[in-house]
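Accompanying notes for the structure given below.
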Amino acid sequence: MRAALDADQLDNHYQPKLDLHTGQVTGVEALVRWHHPERGLLAPGAFLPLAEQAGLMRRLALQVLERAIRDLRDWRAAGHALSTAVNLSVSNLQDVALPDQVQLLLETYGVPADALVLEITEDVLMADAARSQQVMAALRRLGVRLSIDDYGTGYSSLAYLRALPVDELKLDRSFVSSLTTDGKAAAIVRSTLQLSRDLGMTMVAEGVEDAAALEALSRWDCDVAQGYHIARPMPADRLLTWLRGRPVPAAVS
C-alpha cells in the first residue's frame, strides 16, 4: 500500500447521482480503486481495511480528496455543475488537521466548498464522538456538506441526527435493493424519506439496481438516486463522455 501511494497506483472512479426531481445528474461519488501490478484492478473493500490498520488512511484520503477536487474543477470548467462526495474513515474524522487540509485543496483548485460532500458512516461517528463532532463542525464552517452514509445500519442513528450538523442521509442499499419485493423495506424507505424532509435534509437512495426501484423512489418523491441501473463507477475521463452522451433530461418526478 505504501508503494501504491508512492507510485500513484490509486485512482478515483466516479458513480453518478441522479436528481429525481429534474432528471439531471448533479453529483458523483468518488470511489477509490487500486491498479495493483499483479492482481489487477482492486475495489476498496480489498484494501481499505488494511490501509486503516497500517495507519495509511490519512494519506490515502488526502490523495483521494485532492484527485476528486481536481477532477471536479475540470468538470465544472467544462460546464457540468457537479458536486463530488468522498468517504471519510475513522482516522480521517479524528484528524483535527483535516478541515485546514480540505480548505487548502478547495482554494488551490478554486472549487466552492458546497460542491464537496463528505460521507461518514455511523460507526465512524461512534468511535470518538467528541473529536468527530469537533472536526465535523470545522468542516461545516467551511461550507462543506456532510452526509451520513449507510444510514439505517448503525445503532444510534436518531441520536446523531438530532445532534450533528448533517445535510444528507444516504439510505443503505440493503433497504433500497429490496424495496419493490419486501413490504418492510419499502416502509423503511418511505419513513426515512419523511424523516429527511422533516429534518430539512436531502435523501440519497443508493443501490438502485432496476427501473422498478427507480420508479418507486421517484413516485415517493425521493431526492437523489445512485446505483448500477443509473451507471456503474467509471474513471474521470469516461464520466465526461458519459455525461455528454446523455439525452436532455425531463423531470423524473
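- For the residue pair Y109 and E66, a side-chain donor N or O sits within less than 3.5 Å of a side-chain acceptor on the partner.
- L169 and L171 fall within a single hydrophobic cluster, where Ile, Leu, Val, Met, Phe, Trp and Tyr side chains are chained together by heavy-atom contacts under 4.5 Å.
- With R33 contributing its side chain and A43 its backbone, the two residues share no donor-acceptor pair below 3.5 Å.
- Linking ILVMFWY side-chain heavy atoms closer than 4.5 Å, directly or via other members, places L139 and V86 in a single hydrophobic cluster.
- Separating the OG atom in S218 from the CG atom in L20 is a distance of 5.5 Å, to the nearest 0.5 Å.
- Here the OG atom belonging to S178 is positioned 11.0 Å from the CD atom belonging to E209, to the nearest 0.5 angstrom.
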Q: Tell me, with the steps shown, if R173 and D150 meet salt bridge (Lys or Arg N to Asp or Glu O under 4.0 Å).
A: CA-CA 7 Å; R173 66 180 61 250; D150 300 335; over 6 Å; no
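- When the side chains of ILVMFWY residues are joined at heavy-atom separations under 4.5 Å, either directly or via intervening members, V166 and L98 end up in a single hydrophobic cluster.
- Hydrophobic clustering, with ILVMFWY side chains joined whenever heavy atoms are under 4.5 angstrom apart, groups L72 together with V64.
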Q: Applying salt bridge (Lys or Arg N to Asp or Glu O under 4.0 Å), run through R140 and D167 and close with a yes or a no.
A: CA-CA 10 Å; R140 187 70 179 276; D167 305 276; 3.2 Å; yes
Q) Between L179 and W220, does a side chain to side chain contact (heavy atoms under 4.5 Å, CB included) hold up when you go through it step by step? A) CA-CA 12 Å; L179 68 84; W220 297 338; 3.9 Å; yes
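- The pair R59-D6 counts as a salt bridge, with a side-chain nitrogen and a carboxylate oxygen less than 4.0 angstrom apart.
- Of the N and O atoms on the side chains of Q194 and R197, at least one donor lies less than 3.5 Å from an acceptor on the other residue.
- Judged by distance alone, with hydrogens and angles left aside, the side-chain atoms of D223 form a donor-acceptor pair with the main-chain N or O of M203 at under 3.5 Å.
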Q | Intermediate values then yes/no, side chain to side chain contact (heavy atoms under 4.5 Å, CB included), L118 and R145 | A | CA-CA 6 Å; L118 296 177; R145 290 183 287 156; over 6 Å; no
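- Using a distance-only test at 3.5 Å, with no hydrogens or angles considered, a donor-acceptor pair links the side chain of N92 to the main chain of S89.
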Q) Given L217 and V208, is the side chain to side chain contact (heavy atoms under 4.5 Å, CB included) satisfied, shown in steps? A) CA-CA 9 Å; L217 290 166; V208 178; 3.6 Å; yes
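- S91 and E52 form a side-chain donor-acceptor contact under 3.5 Å, judged by distance and modelled atom types alone.
- The CD atom of E215 sits 10.5 Å away from atom CG of D210, with the distance rounded to the nearest 0.5 Å.
- Checked by atom type and distance alone, the side chain of Q15 pairs as donor or acceptor with a backbone atom of A231 at under 3.5 Å.
- A distance of 5.5 Å separates CG of L10 from CZ of F47, quoted to the nearest 0.5 Å.
- With V102 as the fixed residue, the side chain to side chain contact (heavy atoms under 4.5 Å, CB included) test singles out one of D100, L106, L105, L104: L106.
- Between W242 and Y14, a ring centre-to-centre spacing not shorter than 6.0 Å is recorded.
- Tracing side-chain contacts under 4.5 Å through hydrophobic residues (I, L, V, M, F, W, Y), one reaches I120 starting from L142; they form part of the same cluster.
- A side-chain donor-acceptor contact under 3.5 Å links R76 to the backbone of L82.
- For the pair D11 and R67, the salt-bridge criterion is met [side-chain N within less than 4.0 Å of a carboxylate O].
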Q: Tell me, with the steps shown, if I148 and K170 meet side chain to side chain contact (heavy atoms under 4.5 Å, CB included).
A: CA-CA 6 Å; I148 294 185; K170 195 168 187 183; over 6 Å; no
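- Taking the six-membered ring where tryptophan is involved, the planes of H35 and H13 are tilted, since the angle between them lies from 30° to 60°.
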